[in-house]
Amino acid sequence: MNREAMLRAALVAGGERLYRAGLVRAAEGNLSARLDEASFLVTPRGSRKGFLQAWELIRAPLTGDLPQEVSSEGFMHQLVLRHHPRVGAVVHAHPPAVLSTLASGRSLDPSRLAETANLRLATLPPLPPGSRALAEAVAAAFVAAEVVLLSGHGAVAVGASVAEALFRLETTELLAAVCGAVPVHA
């Protein structure tokens with residue numbers, strides 16, 4: 001199996017994993033993976049991540065205009081992958097515990113769990129979904145983070161692989177479930 005086929009399979013499996021874990025519903029979220037130095041694969045706009053087919057994934061350039069069919073957050077994926085050469089995959093989902101914890105004004109303290117003790121998190125203020133401002137803020141946040149929490153909009157995780165990005169997102173959701181009962185301290 002060639003690299004592109006392997007990445008397509010990993011993204012399809014990742015979408016199903018997110019759906020089965022309840023981290024995305026309906027057409028929420030998006031996934032991408034670096035294909036080579038000039039392009040990446042990304043989920044299409046409006047796709048149900050738990051039911052993706054490998055042929056549906058869109059090959060997009062790391063620079064320049066994106067195909068119209070890419071996810072509404074395609075520009076965010078493009079900027080993260082372009083500005084962070086070590087990132088191999090980007091996963092954006094709407095994990096319910098993360099959303100609930102952020103909406104209640106509580107923080108996520110990675111030191112509360114052994115699984116997340118070394119996880120680097122960043123939290124962004126509310127920014128319009130699909131906007132250039134959101135894409136640029138997320139790309140900038142990944143200089144010092146592995147997961148970016150988006151107030152009212154979920155979380156974005158990166159990794160060297162789709163599996164690593166998914167692991168970081170899943171452990172962030174576990175952390176949020178644990179920290180949901182912990183008030184933010186001023």
Measure across Pro110 and Leu108 and return the closest heavy-atom pair with its distance rounded to 0.1 Å. CD-O, 3.3 Å
In Å and rounded to the nearest 0.5 Å, what is the OG1 to CD distance from Thr171 to Glu115? 8.0 Å
With rounding to the nearest 0.5 angstrom, report the CG to OG1 distance, Leu149 to Thr101. 9.5 Å
Applying a strict under-4.5 Å side-chain criterion to I, L, V, M, F, W and Y, I'd like to know whether Leu119 and Leu99 cluster together. no
Would you say the side-chain atoms of His84 pair up with the backbone N or O of Ala139, donor to acceptor, closer than 3.5 Å? yes
Is there a path from Leu102 to Leu113 through hydrophobic residues (I, L, V, M, F, W, Y) whose side chains come within less than 4.5 Å of each other? yes
Kindly state each residue pair satisfying side-chain hydrogen bond (donor to acceptor under 3.5 Å, both in side chains) with at least one member in residues 41-53, sequence neighbours excluded. Ser47-Lys49
Taking all heavy atoms of Gly154 and all of Pro95, pick out the closest pair and write down the distance. CA-CD, 4.1 Å
Any donor and acceptor pair, going by atom type alone, linking the side chain of Glu16 with main-chain N or O of Gly50 inside 3.5 Å? no
Side-chain contact, heavy-atom cut-off 4.5 Å: Ser39 with Glu4? no
Hey, could you give me the CZ/CZ distance between Arg34 and Arg82, rounded to the nearest 0.5 Å? 11.0 Å
Other residues, nucleotides and ligands only: do more than 12 of their heavy atoms fall within 6.0 Å of CG on Asp36? yes
Heavy atoms, side chains only, cut-off 4.5 Å: are Leu18 and Leu169 in contact? yes
Measuring centre to centre across the rings, with the benzene-like ring taken for any Trp, is His92 within less than 6.0 Å of His153? yes
At their closest point, which heavy atom of Ala89 faces which heavy atom of Ala165, and how far apart are they? O-CB, 4.0 Å
For Val147, which of Thr123, Leu121, Leu175 qualifies under side-chain contact (heavy atoms from CB on, under 4.5 Å)? Leu121
Measure across Glu173 and Val98 and return the closest heavy-atom pair with its distance rounded to 0.1 Å. OE1-N, 3.0 Å
Quick one: pull up CG in Asn118 and OG in Ser111 and give me the separation to the nearest 0.5 Å. 10.5 Å
Give, for atom CG of Asn30 and atom CD of Glu28, the distance between the pair rounded to the nearest 0.5 Å. 10.5 Å
Could you tell me which non-hydrogen atom of Cys179 sits nearest to which non-hydrogen atom of Asp109, and how far apart they are? SG-N, 3.5 Å
Can you tell me how far CG of Leu7 sits from CG of Leu57, rounded to the nearest 0.5 angstrom? 9.5 Å
Cluster membership besides Val138, Ile/Leu/Val/Met/Phe/Trp/Tyr side chains within less than 4.5 angstrom, sorted by chain and number, is Phe40, Val42, Ile58, Leu62, Leu66, Val70, Phe75, Met76, Leu79, Val80, Leu81, Val87, Val90, Leu124, Leu127, Leu134, Phe142, Val148, Leu150, Val156, Val158
Closest contact, heavy atoms only, Arg168 versus Ala157: CB-CB, 4.1 Å
ring-ring contact (aromatic ring centres under 6.0 Å, His included) with Tyr19: which residues, sequence neighbours excluded? Phe51
